[in-house]
Amino acid sequence: MPELPEVETTRRGLAPHLQGRLIQAVTLRRPDLRWPIPAEVARDLPGQRITGVRRRAKYLLMDVESGDSALLHLGMSGSLRVLPADTAVRAHDHVDIALAAKGRGAGQVLRFNDPRRFGSLLWQPAGQTHELLQGLGPEPLSDDFDGDYLFELSRGRKAPVKTFLMDQAVVVGVGNIYAAESLYRAGISPLRAAGRVSRERYLALADAVKDILGHAIARGGTTLRDFISPDGAPGYFEQELSAYGRGGEPCPRCGRPMKQANIGQRATVWCGHCQK
DNA sequence: AGGTAAACCTGGACGC
DNA sequence: TGCGTCCAGGTTTACC
């Protein structure tokens with residue numbers, strides 16, 4: 001489900017609810033997610049105040065006073081909601097982080113639901129960077145990411161440019177939806193070898209990535225099946241998708257039918273006329 | 001080292 | 001209605 005805009009939407013939805021709140025208890029109903037949930041999560045979180053919610057790539061970091069962080073990844077089907085503490089538990093509600101009541105109001109719970117269990121809840125000790133966060137590429141919305149960077153890094157690479165763009169060691173946060181959209185916007189065929197894309201066209205691609213991700217965040221992300229923000233709202237970017245999910249439909253630009261094929265095991269849609 | 005494919009898991013859509 | 005097949009927003013791991 002979630003690429004950078006959906007994770008950032010989740011972060012923005014969570015932050016105001018979690019900032020400064022006291023964690024009362026942690027309930028693990030199903031500790032076997034992508035990886036087992038480390039013992040520290042249930043042992044060290046209760047009694048601590050949340051100091052912030054950050055995002056790096058598609059990971060969320062919930063920081064607490066001790067300097068430790070809970071590291072969350074939503075995988076393909078994960079979602080985080082802030083709910084009244086007495087909300088009935090549903091299928092695939094794997095983890096609850098109970099928040100102490102503010103004043104005399106009722107308490108709330110941060111609930112992690114993930115049908116496919118590709119998501120994860122891990123632990124990053126104070127002062128350390130989790131192994132999974134090492135070796136990641138730059139944030140696409142930062143100044144470290146631009147067309148020159150893509151051009152230099154791609155020299156000699158034979159993998160398709162779409163595969164290159166989705167490689168989290170190249171740039172983080174771009175998944176299957178936004179890779180297709182960005183390449184469509186930039187007029188680059190997803191099949192083209194990464195090393196065979198010019199500097200000029202990488203400038204257009206980097207601009208497209210930034211623009212599309214920024215716009216998707218402003219729309220609250222893309223809801224295809226099940227993405228939902230912490231407040232329960234869907235994202236509204238789906239209606240603005242030009243390529244993803246439109247195989248066989250007319251190209252919005254030239255009207256010719258959009259092509260579809262698997263590239264790097266992922267369904268890919270593009271226009272054979274507008275993208276070279 | 002780069003490139004590719006399998007693997008992890010569940011639910012929904014579809015065809016028969 | 002039921003069953004088999006295919007597909008899905010991610011990423012590690014293994015292998016060439």
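FYI, side chains are in, hydrogens and waters are out, and symmetry mates aren't considered; it's all heavy atoms of this structure. Residue numbers start from 1 in every chain, and the chains themselves are labelled A, B, ... in the order their sequence lines are given, proteins ahead of strands.
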Colleague: Round to the nearest Å and state the distance from A:Arg225 atom CZ to B:dA13 atom P.
Modeller: 10 Å

Colleague: Would you say a side-chain N or O of A:His73 is under 4.0 Å from OP1 or OP2 of C:dG10?
Modeller: no

Colleague: How many Å lie between CG on A:Leu132 and C1' on C:dT12, as a whole number?
Modeller: 9 Å

Colleague: Considering only B:dG11, B:dC8, C:dG9, which nucleotide approaches the side chain of A:Met76 most closely?
Modeller: C:dG9

Colleague: Which class fits the ring pair A:Tyr178 and A:Phe237: parallel under 30°, tilted 30 to 60°, perpendicular over 60°?
Modeller: tilted

Colleague: For the pair made of CD1 in A:Ile177 and P in C:dA8, what is the distance, rounded to whole Å?
Modeller: 11 Å

Colleague: Applying salt bridge (Lys or Arg N to Asp or Glu O under 4.0 Å), run through A:Arg56 and A:Glu139 and close with a yes or a no.
Modeller: CA-CA 8 Å; A:Arg56 169 70 174 119; A:Glu139 287 289 328; 3.0 Å; yes

Colleague: With A:Arg55 as reference, evaluate A:Glu8, A:Glu6, A:Glu3 under the salt bridge (Lys or Arg N to Asp or Glu O under 4.0 Å) test and give the passing residue.
Modeller: A:Glu8

Colleague: For the base of B:dC9, is there a side-chain donor-acceptor partner from A:Arg116 under 3.5 Å away?
Modeller: yes

Colleague: Please determine if a side-chain N or O atom of A:Arg117 lies less than 4.0 Å away from the OP1 or OP2 oxygen of B:dT10.
Modeller: yes

Colleague: For a quick check of understanding: with a heavy-atom distance under 4.0 Å over all strands, which category does A:Tyr244 fall into, base, sugar-phosphate or nothing?
Modeller: sugar-phosphate

Colleague: Whole angstrom is fine here: how far is it from CG in A:Leu224 over to P in C:dC7?
Modeller: 17 Å

Colleague: Considering every strand shown, what is the Watson-Crick or G-U wobble mate of B:dC8 when both distances are under 3.5 Å?
Modeller: C:dG10

Colleague: A:Trp35 CH2 to C:dT11 C1': how many Å, rounded?
Modeller: 7 Å

Colleague: Separation of A:His94 atom NE2 from B:dC9 atom P, in whole Å?
Modeller: 12 Å

Colleague: Looking only at the side chains, is there a donor atom on one of A:Ser79 and A:Asn113 sitting less than 3.5 Å from an acceptor on the other?
Modeller: no

Colleague: If you look at every strand shown and take non-hydrogen atoms under 4.0 Å, does A:Pro160 touch a base, only sugar-phosphate, or nothing?
Modeller: sugar-phosphate

Colleague: For A:Arg30 and B:dT10, what is the distance between atoms CZ and C1' respectively, to the nearest whole Å?
Modeller: 10 Å

Colleague: Would you say B:dG2 has OP1 or OP2 under 4.0 Å from some side-chain N or O of A:Lys158?
Modeller: no

Colleague: Measure from the side chain of A:Gln168, starting at C-beta and using heavy atoms only, and say which of C:dT11, C:dG10, C:dT12 lies closest.
Modeller: C:dT11

Colleague: Select base, sugar-phosphate, or nothing to describe what A:Phe237 touches, counting heavy atoms under 4.0 Å on all strands.
Modeller: nothing

Colleague: On a whole-Å scale, what distance lies between the P atoms belonging to B:dA6 and C:dC6?
Modeller: 14 Å

Colleague: Assign A:Arg157 to base, sugar-phosphate, or nothing according to its heavy-atom contacts below 4.0 angstrom with the strands shown.
Modeller: sugar-phosphate

Colleague: Salt-bridge test for A:Arg29 and A:Asp96: reply yes if a basic N is under 4.0 Å from a carboxylate O, no otherwise.
Modeller: yes

Colleague: If we ignore angles and hydrogens, is there a donor and acceptor under 3.5 Å between the side chains of A:Ser66 and A:Asp68?
Modeller: yes

Colleague: When the P atoms of C:dC7 and B:dA5 are compared, how many Å lie between them, rounded to an integer?
Modeller: 15 Å

Colleague: Mind calculating the distance between CD (A:Glu3) and C1' (C:dA8) to the nearest angstrom?
Modeller: 12 Å

Colleague: Would you say whether A:Phe118 stacks on B:dC8? The test is a distance between ring centres of less than 5.5 Å and an angle between planes of less than 30°.
Modeller: yes

Colleague: Return the nearest nucleotide to the side chain of A:Ala159; candidates are C:dG9, B:dG3, C:dT12.
Modeller: B:dG3

Colleague: Which value, in whole Å, describes the distance between the P atoms of nucleotides B:dG11 and C:dT12?
Modeller: 25 Å

